[in-house]
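First the structure, in the form of structure tokens, and then the observations on it.
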Amino acid sequence: MIGLLRHPTYHIRATVCVGKVFSFDTGKMEEVTDAVNNLSLNDSHKKNRIQVSNTKKPLFFYVNLAKRYMQQYNEVELSALGMAIATVVTIAEILKNSGLAVEKKIMTSTVDMKDESRGRPIQKAKIEILLGKSEKFDELMAAAVDERDDADAEGDEQS
């Protein structure tokens, strides 16, 4: 479920699921459809966004995932809060320094959150880095596949 949509005039409630609308008042379906068409999806549902945590996965999991996203979508958005910001910057630098990515945009902000342990509101730093494919991305990725295939062939010959 993406969210609950309410029409201000007709008091229509509709649940918006990926690509579908289920209305509890079918007599007003046109208004619901119009509202859904004008609804902008929350940024957290972007297909090419990676939300990085510094505790859940190893660094190169995110590096390899970012490569895959760039292959699919031509760009990737890396996002992190608080202490994970250093991890996102490191991932971006690895991709840039290896010639795979170019930096398109960096956005910083603060996000209001609730401190679970103390129950009070806190602000956390947030960073979003948009990376695009470099001109040599496809060539470098193909070379990496060739190297891997050669290494696999050598391993088969030795066994």
Side-chain angles (χ1 to χ4, degrees), residues 1-5 14-22 33 35-159:
M1 183 171 96
I2 291 176
L4 190 64
L5 181 67
T15 304
V16 180
C17 294
V18 182
K20 296 191 182 343
V21 178
F22 303 96
T33 303
V36 169
N37 289 338
N38 294 327
L39 180 72
S40 65
L41 294 179
N42 188 339
D43 280 348
S44 67
H45 295 289
K46 284 185 179 178
K47 288 182 178 148
N48 66 332
R49 172 179 283 171
I50 300 172
Q51 293 178 311
V52 175
S53 163
N54 60 344
T55 57
K56 292 185 180 173
K57 302 278 185 200
L59 179 71
F60 275 88
F61 168 84
Y62 292 113
V63 171
N64 291 325
L65 185 60
K67 289 177 189 179
R68 199 171 322 141
Y69 277 28
M70 283 193 291
Q71 281 177 320
Q72 280 185 289
Y73 305 110
N74 294 323
E75 59 185 26
V76 63
E77 184 177 302
L78 303 169
S79 173
L81 295 174
M83 301 298 285
I85 289 174
T87 306
V88 162
V89 171
T90 302
I91 294 163
E93 287 301 312
I94 288 169
L95 292 166
K96 286 172 22 184
N97 292 336
S98 62
L100 293 168
V102 291
E103 192 176 286
K104 287 185 162 185
K105 192 177 191 181
I106 297 178
M107 298 160 286
T108 60
S109 61
T110 54
V111 179
D112 293 323
M113 302 185 86
K114 189 174 183 180
D115 185 345
E116 295 298 325
S117 60
R118 299 184 189 135
R120 64 176 191 198
I122 58 169
Q123 286 194 323
K124 282 209 170 196
K126 179 178 182 179
I127 191 165
E128 295 169 293
I129 302 175
L130 184 63
L131 298 175
K133 277 184 177 183
S134 70
E135 288 181 13
K136 294 184 177 183
F137 179 87
D138 294 322
E139 179 184 327
L140 291 168
M141 290 298 285
V145 169
D146 289 345
E147 281 180 31
R148 203 172 313 126
D149 290 346
D150 291 346
D152 289 346
E154 276 183 35
D156 291 342
E157 288 173 11
Q158 290 178 356
S159 3

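It should be emphasised that the depicted structure is a prediction, and the values quoted were computed from it without experimental measurement.
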Which distance, rounded to the nearest 0.5 Å, do you find between the CZ of Phe61 and the NZ of Lys57?
5.0 Å
Testing the basics here: between Gly119 and Lys114, what is the closest heavy-atom pair and its distance to 0.1 Å?
O-CE, 3.6 Å
Where Ala92 and Leu131 come nearest, the two heavy atoms and their spacing:
CA-CD1, 3.9 Å
Enter the distance from Leu95:CG to Leu78:CG here, rounded to the nearest 0.5 Å.
7.0 Å
Rounded to the nearest 0.5 angstrom, the NZ-OH distance for Lys47 and Tyr69 is 11.0 Å
Apply side-chain contact (heavy atoms from CB on, under 4.5 Å) to residues Asp138 and Lys133 and explain how you reach the verdict.
CA-CA 8 Å; Asp138 294 322; Lys133 277 184 177 183; 3.3 Å; yes
Once you round to the nearest 0.5 Å, how far does OG of Ser79 lie from CD1 of Ile85?
9.0 Å
Return the CD1 to CD distance between Ile50 and Glu128, rounded to the nearest 0.5 Å.
13.0 Å
Which heavy atom of Phe137 sits nearest a heavy atom of Met70, and at what distance?
CE1-CE, 3.8 Å
Does a side-chain heavy-atom distance below 4.5 Å link Phe60 with Ile94?
yes
Qualifying residues under side chain to side chain contact (heavy atoms under 4.5 Å, CB included), relative to Ser98, sequence neighbours excluded:
Leu100
Which pairs of donor and acceptor atoms, one on a side chain in residues 102-113, lie under 3.5 Å apart (sequence neighbours left out)?
{"unit_1": "Glu103", "atom_1": "OE1", "unit_2": "Lys96", "atom_2": "NZ", "d": "2.6"}
{"unit_1": "Lys104", "atom_1": "NZ", "unit_2": "Glu75", "atom_2": "OE1", "d": "2.7"}
{"unit_1": "Asp112", "atom_1": "OD1", "unit_2": "Gln123", "atom_2": "NE2", "d": "3.2"}

Where is the tightest heavy-atom contact between Leu140 and Gly99, given as atom of each residue plus distance?
CD1-O, 3.4 Å
Please report the shortest heavy-atom distance between Val52 and Ala84, naming the atom on each side.
O-CB, 3.5 Å
Are the side chain of Tyr73 and the backbone N or O of Arg49 linked by a donor-acceptor pair below 3.5 Å?
no
State whether the side chain of Thr87 and the backbone N or O of Asn54 hold a donor-acceptor pair below 3.5 Å, judged by distance alone.
no
